[in-house]
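Heads up, the thing below is written out as structure tokens.
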Amino acid sequence: MPAIWVYSEDVTITQQLLALGRNLADNMQTQLCAFTLNGESATSLIASGADKVVSLQGNSQWPESYAQSLADLAKQERPEAVFIGATQRGKDLAAKVAAIIKTGLVTEAFAVRIADGAIETDRIMYGGLAICTEILTAPAIVTIPARTYEAISPDPNRTGEIVTMDVKTDDRVSVSNVCPIIREGADISIADKLVCVGRGLAKQEDMRLVEDLAVALGAEIGCTRGIAEDYHWLPNDRYIGLSGQKIKPSLYISLGISGQVQHVSGIRDSKIIVAIDMNENAPIFEAADYGIVGDLYEISPLLTEAIKQAVK
Ligand SMILES: Cc1cc2nc3c(=O)[nH]c(=O)nc-3n(C[C@H](O)[C@H](O)[C@H](O)COP(=O)(O)OP(=O)(O)OC[C@H]3O[C@@H](n4cnc5c(N)ncnc54)[C@H](O)[C@@H]3O)c2cc1C
């Protein structure tokens with residue numbers, strides 16, 4: 001029976017993929033199968049919606065080394081679709097599996113649904129200028145960014161099948177050293193509130209205006225690419241957009257950001273977008289729920305003060 005498969009090396013993302021998979025599998029009356037390289041996570045994956053968990057046991061700890069094994073299994077079992085978390089390693093694995101089995105790969109889908117009995121996906125293209133809808137033919141490979149779906153509450157009473165499978169890994173590449181990325185401060189991709197600054201800010205010393213507003217709101221600080229890559233006023237992991245971080249906060253406030261498509265493509269999933277810019281024709285206002293046309297040097301301190309008063 002063609003099933004829905006999910007995989008991520010990050011258990012939290014696998015649980016999010018299971019929420020999507022559960023919905024599709026119920027709709028298509030098929031089985032939902034999670035793959036893991038970490039056998040210890042198997043029971044939690046059953047609790048989060050999997051009917052079956054396959055724990056792949058090989059000599060490598062790197063997901064991409066399992067591409068051939070996963071592809072062989074997919075050729076044999078022909079799942080309807082394989083959903084893989086769009087982490088760096090997940091994207092690498094997905095591309096390899098799709099190439100080996102010569103099937104289509106949808107990258108970074110933000111919506112998946114069933115239409116006329118087939119699975120349909122949406123993804124952003126041309127830097128956010130268009131949405132590409134694709135109809136999948138089995139077995140299709142789809143990568144899904146973290147937090148696109150919310151995991152269902154785990155049910156410890158759920159039962160399912162757990163299978164351990166010894167597989168051959170591709171050991172041609174060995175990793176001799178791992179250097180973790182050292183983040184300066186919080187991970188903005190998971191921040192609940194963000195104050196973002198653009199080139200409307202004239203000098204680095206003026207960052208204190210942004211910091212004051214962020215502190216009053218309990219928000220993290222993000223920026224546009226120029227602020228990080230050209231001016232170096234903030235680290236590179238703080239810039240948002242097509243080539244930067246994708247964010248999903250409940251509140252995003254921009255200060256002096258024009259709203260070019262490359263930036264806006266990273267903020268689309270924000271619940272509420274508030275834009276402050278001097279130029280009433282700035283494209284950021286088209287993306288915003290609330291807009292203030294004016295000088296950030298006047299508005300930001302007023303806003304900070306008003307928030308401080310409101311939370312007193
Ligand atoms: C391939 C590619 C990938 C890219 N990826 C990214 C990406 O991931 N993220 C990203 O951010 N950019 C990215 N860019 C760059 C992007 O195209 C824009 O150049 C950038 O987002 C603009 O940044 P900005 O809004 O800070 O600056 P600007 O476009 O210069 O806008 C500054 C804004 O500040 C306003 N302003 C000026 N003074 C004040 C004031 N006193 N008060 C209020 N408003 C004021 C102006 O009216 C203007 O709207 C990419 C570009 C390319 C080509």
Side-chain angles (χ1 to χ4, degrees), residues 86-88 91 107-108 110 123-132 145-147 181 183-191 193-214 216-217 219-249 251-270 273-307:
T87 58
Q88 296 290 3
K91 287 192 266 192
T107 53
E108 311 226 347
F110 67 85
R123 68 183 165 95
I124 284 173
M125 64 190 301
Y126 302 135
L129 284 179
I131 289 171
C132 177
R147 297 188 311 285
I181 295 171
R183 287 189 184 279
E184 292 176 40
D187 176 0
I188 62 163
S189 70
I190 53 169
K193 291 182 205 133
L194 273 158
V195 174
C196 286
V197 61
R199 290 193 301 200
L201 198 75
K203 309 189 289 297
Q204 185 169 13
E205 301 88 272
D206 301 338
M207 279 298 291
R208 63 174 173 75
L209 287 178
V210 186
E211 286 157 10
D212 289 349
L213 180 56
L217 270 172
E220 293 297 333
I221 296 176
C223 61
T224 54
R225 189 163 91 168
I227 294 289
E229 282 202 339
D230 301 337
Y231 300 172
H232 306 291
W233 291 352
L234 285 170
N236 276 357
D237 62 11
R238 293 267 160 173
Y239 85 82
I240 297 158
L242 184 64
S243 40
Q245 302 264 15
K246 309 273 178 299
I247 56 165
K248 220 175 172 179
L251 175 67
Y252 159 101
I253 301 183
S254 74
L255 300 171
I257 291 179
S258 59
Q260 301 307 315
V261 65
Q262 293 90 355
H263 180 74
V264 170
S265 71
I267 68 168
R268 277 179 200 289
D269 290 335
S270 307
I273 297 177
V274 180
I276 300 166
D277 200 281
M278 262 168 66
N279 175 6
E280 63 178 349
N281 296 317
I284 191 74
F285 291 123
E286 281 168 33
D289 298 291
Y290 301 94
I292 304 173
V293 178
D295 187 341
L296 73 90
Y297 286 87
E298 275 175 35
I299 293 162
S300 187
L302 290 173
L303 206 53
T304 303
E305 205 40 51
I307 292 163

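Heavy atoms only: backbone and side chains are in, while hydrogens, waters and symmetry mates are out. Just so you know, ligand 1 is whichever comes first in the structure, and atom 1 is the first atom listed for that ligand.
In this structure, the side chains of L201 and L255 stay at 4.5 Å or more apart for every pair of heavy atoms. When side chains are defined from C-beta on, L296 does not count as touching D206, because their heavy atoms never get closer than 4.5 Å. At least one side-chain heavy atom of S243 sits less than 4.5 Å from a side-chain heavy atom of R225. Under the 4.5 Å side-chain criterion, counting only non-hydrogen atoms from C-beta, Y126 is not in contact with V261. Between L209 and P301, the closest side-chain pair of non-hydrogen atoms falls below 4.5 Å. Side-chain contact between Q260 and P283 is present, with at least one heavy-atom pair separated by less than 4.5 Å.
Around atom CD of E286, no more than 12 heavy atoms belonging to other residues, nucleotides or ligands sit under 6.0 Å away.
Polar contact with ligand 1: present for L296 (N/O pair, distance under 3.5 Å). In terms of N/O distances under 3.5 Å, ligand 1 is approached by M278. Close N/O approach between G259 and ligand 1 is not found [any backbone or side-chain N/O within under 3.5 Å]. Residue contacts with ligand 1: Q260 is placed with no nitrogen or oxygen under 3.5 Å of a nitrogen or oxygen of the ligand (distance criterion only). Between L242 and ligand 1, at least one pair of N/O atoms sits closer than 3.5 Å.
Of the protein's heavy atoms, G200 CA, 3.5 Å lies nearest to atom 36 (N) of ligand 1. For atom 27 (O) of ligand 1, the closest non-hydrogen atom on the protein side is R199 NE, 3.2 Å. Of the protein's non-hydrogen atoms, D295 OD1, 2.9 Å is the one closest to atom 41 (N) of ligand 1. From the protein, the heavy atom lying nearest to atom 34 (O) of ligand 1 is G256 O, 3.1 Å. The protein heavy atom nearest to atom 17 (O) of ligand 1 is Q262 OE1, 2.8 Å. Nearest protein heavy-atom neighbour of atom 21 (O) of ligand 1: H263 CB, 3.8 Å. The single protein non-hydrogen atom nearest to atom 24 (P) of ligand 1 is T224 OG1, 3.7 Å, given as residue, atom name and distance. Distance from atom 47 (O) of ligand 1 to its nearest protein heavy atom, with residue and atom name: D277 OD1, 2.6 Å.
What you find for G222 and L194 is that their closest heavy atoms are N-CD2, 3.9 Å. Here the closest non-hydrogen pair linking E108 and A86 is OE2-CB, 4.2 Å.
Between the side chain of Y252 and the backbone N or O of I247, no donor-acceptor pair lies under 3.5 Å. Remark: the backbone N or O of D237 is paired with a side-chain donor or acceptor of Q245 at under 3.5 angstrom. Between the side chain of K193 and the backbone N or O of E220 there is no donor-acceptor pair closer than 3.5 Å. Remark: the backbone N or O of A228 is not paired with any side-chain donor or acceptor of R238 at under 3.5 angstrom.
Of the listed options S258, S254, G222, G198, S258 places a heavy atom closest to atom 31 (O) of ligand 1. Taking all heavy atoms of S243, S300, C196 into account, the minimum distance to atom 8 (O) of ligand 1 is reached by S243. Among Q245, K246, E298, R225, the residue whose heavy atom sits closest to atom 10 (C) of ligand 1 is R225.
At least one heavy atom of G294 sits under 4.0 Å from some atom of ligand 1.
Atoms of ligand 1 found under 4.0 Å from any heavy atom of N279, numbered from 1 in the order shown, are 47 (O). Close approach to G244 involves these atoms of ligand 1, each under 4.0 Å from a residue heavy atom: 8 (O).
Proximity of I240 to ligand 1, defined as any heavy-atom pair under 4.0 Å, is confined to the backbone N, CA, C and O atoms.
For atom 6 (C) of ligand 1, a protein heavy-atom neighbour is present inside the 4.0 Å cut-off.
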